[in-house]
Amino acid sequence: MNVKIVGRIIGALLLLEAAFMAPSALLCLYDGDKNPAVCFAAAILLACLFGALLLLWARRGQPLFYAQEGFVATGLSWIVMSLVGALPFWFSRAIPSFVDALFEIVSGFTTTGASILSDVEALPRGLLLWRSFSHWLGGMGMLVFLLAVVPVARRGTGANIHLMRAESPGPSVGKLTPKLQGTALILYGMYMLLTVLDILFLLLGGMPLFDALCTAFGTAGTGGFGIKNDSLAGYSPYLQTVTTVFMLLFGVNFSLYFLLLLRRFKGFFLDEELRLYLGVTFGAIALIAFNIRGLFASLGAALHHAAFQVASVITTTGFSTLDFDQWPDLSKGILLVLMCLGACAGSTGGGLKMARVLLLLKGLRRNLRQTLNPRRIQLMRVNGQTIGEDVLDNTNAYLVAYCALVVGSFLLVSFDGFSVFTNLSAVIACFNNIGPGFDGVGAARNFGLYSDFSKLILTMDMLLGRLEIYPILALFSRHTWNRKL
């Protein structure tokens, strides 16, 4: 294991995180919140100190970089980034327990939106900004941003592709341009453009600038931290509709937006994953709106809230306009299924991803046909391209690991003694980076009821879900650390 190149990456990331905390510290100073400002300054100094020490220690390290280094660098980077990111909450005593502060910032960076806070509005604006901005940073990935702006490893070492594959959500990661740094720049360029458009549309609806920034950061990262205790319920139907549209837009594979830039419209609209994503979304909206129509004054109002909540859940954002835990069981069942499915691969959404669901469905159909016609060769194609057996094996292995980890986490948090539906939905919500669950952790409640042990389990679930399991599991594998350089 080339530990020095891993240390160099973590060191550069800590310096980058320190720079990103600065606006929140300045906002605290502007608002006259001296204690949080000092706490941000302390966290920034610690991040700079440890980042500089790691870079100094790793300055003469070997440049060799393999998949193991990619997984380890990604897993450790997110853990260290979260430990440092939690410090302003803990130092300021806004969140007195470090476990709670860690849960909150991991929920932010992993774009989960699950919270232990019962009164969000009591936090200073600087902490609220950092809390929401963590969604934006985690949505596309801090390491992807690092690849776009800083050469953390020498060219030709394979570092860039291994890091992007380990951090980016989805079954596979490809290049949009011959150079991977160009790909990272394009992805972040589109990410920033959509975020700015979201902010502008929110401002046009009369939302205050600070609210628009925090809401757009949560929407872009599909995170869902609200700055109001009622999430987005207190805003106008126009603002809720804008958020609905942009949640769905951020749930689309960003590679497809690149096709639009190239004017390859046919490839965009015929993409099988996109059609599955839209089909499931609109089908769920129709079913839920029909099921809850009696709870509202008009069918239009039912459609409005159904569309918002479906968009929020399938993109794993977690915003809410009402307590959907009060909806009929059919609607809650549909939302629970959507929590597991998630958005498209290559988006900022969580869950299994529609690409994997598509592969699993096609694999089921192929196996059925193979059973009926054993001598016939059955090929699987997605968007006209043949899918190799290695991709199918990886998808099946991911599904097994996903189910095993969800079941194990559910059993562990069940020691706290809450209802089965509360515990199951809490694990699913955290593992799939949704945010609110049902029953005891529903949209009108929070995760503060759990013990520190269960919060640590759910924190690990959030990291496992955001990083697609393997980078975190690799840290606990003996084989990862065996190779010496």
Side-chain angles (χ1 to χ4, degrees), residues 13-14 16-51 77-138 142 210 213-214 217-218 221 223-229 231 318 430 433 435-436 441 446-463 466:
L13 190 70
L14 283 174
L16 188 63
E17 184 178 15
F20 282 132
M21 279 195 280
S24 298
L26 292 174
L27 181 59
C28 287
L29 284 175
Y30 177 80
D31 288 345
D33 296 318
K34 293 182 180 180
N35 179 48
V38 171
C39 295
F40 267 113
I44 290 170
L45 286 174
L46 285 173
C48 289
L49 175 63
F50 284 108
S77 292
W78 277 72
I79 291 173
V80 172
M81 178 176 70
S82 300
L83 290 171
V84 173
L87 294 179
F89 295 105
W90 187 48
F91 285 166
S92 66
R93 313 310 289 173
I95 302 179
S97 165
F98 184 75
V99 171
D100 285 352
L102 182 64
F103 181 96
E104 197 75 12
I105 199 63
V106 168
S107 181
F109 282 133
T110 59
T111 72
T112 303
S115 180
I116 52 84
L117 296 170
S118 57
D119 186 8
V120 174
E121 296 177 36
L123 265 64
R125 290 203 307 166
L127 288 174
L128 286 176
L129 179 63
W130 175 236
R131 185 171 173 264
S132 294
F133 191 50
S134 64
H135 280 332
W136 194 85
L137 294 174
M142 284 277 278
F210 178 76
L213 288 172
C214 293
F217 291 152
F225 272 154
I227 59 172
K228 305 291 185 184
N229 290 329
S231 190
C430 288
N433 307 133
V441 291
N446 59 66
F447 286 71
L449 73 167
Y450 280 107
S451 66
D452 284 352
F453 172 76
S454 291
K455 287 173 187 171
L456 289 173
I457 296 297
L458 295 173
T459 298
M460 185 62 70
D461 285 340
M462 289 188 277
L463 288 169
R466 171 58 182 85

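Heavy atoms only: backbone and side chains are in, while hydrogens, waters and symmetry mates are out.
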For T112, what residues pass the side-chain hydrogen bond (donor to acceptor under 3.5 Å, both in side chains) criterion, not counting sequence neighbours? T110, N433
Measuring from L463:CG to C430:SG, what's the distance to the nearest 0.5 Å? 10.5 Å
Stepwise, does the side-chain contact (heavy atoms from CB on, under 4.5 Å) test hold for L13 with M81? CA-CA 8 Å; L13 190 70; M81 178 176 70; 4.2 Å; yes
Taking all atoms of both residues into account, what is the closest heavy-atom pair of L14 and G51, and its distance? CD1-N, 3.8 Å
Contacts of type salt bridge (Lys or Arg N to Asp or Glu O under 4.0 Å), residue D100, not counting sequence neighbours: K455
With rounding to the nearest 0.5 angstrom, report the OG1 to CZ distance, T111 to F225. 10.0 Å
Between S107 (side chain only) and F103 (backbone N and O only), is there a donor and an acceptor less than 3.5 Å apart? no
Heavy-atom closest contact (F447 atom, A114 atom, distance): CE1-CB, 3.4 Å
Residue pairs passing the salt bridge (Lys or Arg N to Asp or Glu O under 4.0 Å) test where at least one lies in residues 27-39, sequence neighbours excluded: D31-R125
Just jot down the ring-ring contact (aromatic ring centres under 6.0 Å, His included) partners of F98, sequence neighbours excluded, or say none. W90
Minimum heavy-atom separation for A47 to V84, with atom names? CB-CG1, 3.9 Å
Where do G126 and F40 come nearest, in terms of heavy atoms and distance? O-CZ, 3.9 Å
How would you list, by chain and number, every residue that makes a salt bridge (Lys or Arg N to Asp or Glu O under 4.0 Å) with D452, sequence neighbours excluded? none
Which pairs of donor and acceptor atoms, one on a side chain in residues 17-30, lie under 3.5 Å apart (sequence neighbours left out)?
from, atom 1, to, atom 2, distance (Å)
E17, OE2, G85, N, 3.3
S24, OG, W130, N, 3.3

Sequence neighbours excluded, which residues qualify as side chain to side chain contact (heavy atoms under 4.5 Å, CB included) partners of S134? I105, F109
From S118 OG over to N229 CG, what is the distance, rounded to the nearest 0.5 angstrom? 8.0 Å
Quick one: list whatever passes side chain to side chain contact (heavy atoms under 4.5 Å, CB included) with C214, sequence neighbours left out. L129, S132, F210, I227
Inter-residue atom distance I95.CD1 - L117.CG, 0.5 Å rounding: 4.5 Å
Working to the nearest 0.5 Å, report the span between CH2 of W78 and CG of L83. 13.5 Å
Would you mind listing every salt bridge (Lys or Arg N to Asp or Glu O under 4.0 Å) that reaches into residues 104-124, with sequence neighbours excluded? E104-R131
Contacts of type side chain to side chain contact (heavy atoms under 4.5 Å, CB included), residue L49, not counting sequence neighbours: L53
Pair V441-Y450, side-chain contact (heavy atoms from CB on, under 4.5 Å): steps then yes or no: CA-CA 10 Å; V441 291; Y450 280 107; 3.8 Å; yes
Listed by chain and number, what are the side chain to side chain contact (heavy atoms under 4.5 Å, CB included) partners of L213, not counting sequence neighbours? I199, L209, F217
Separation between CE (M460) and CD1 (I79), nearest 0.5 Å, reads 5.5 Å
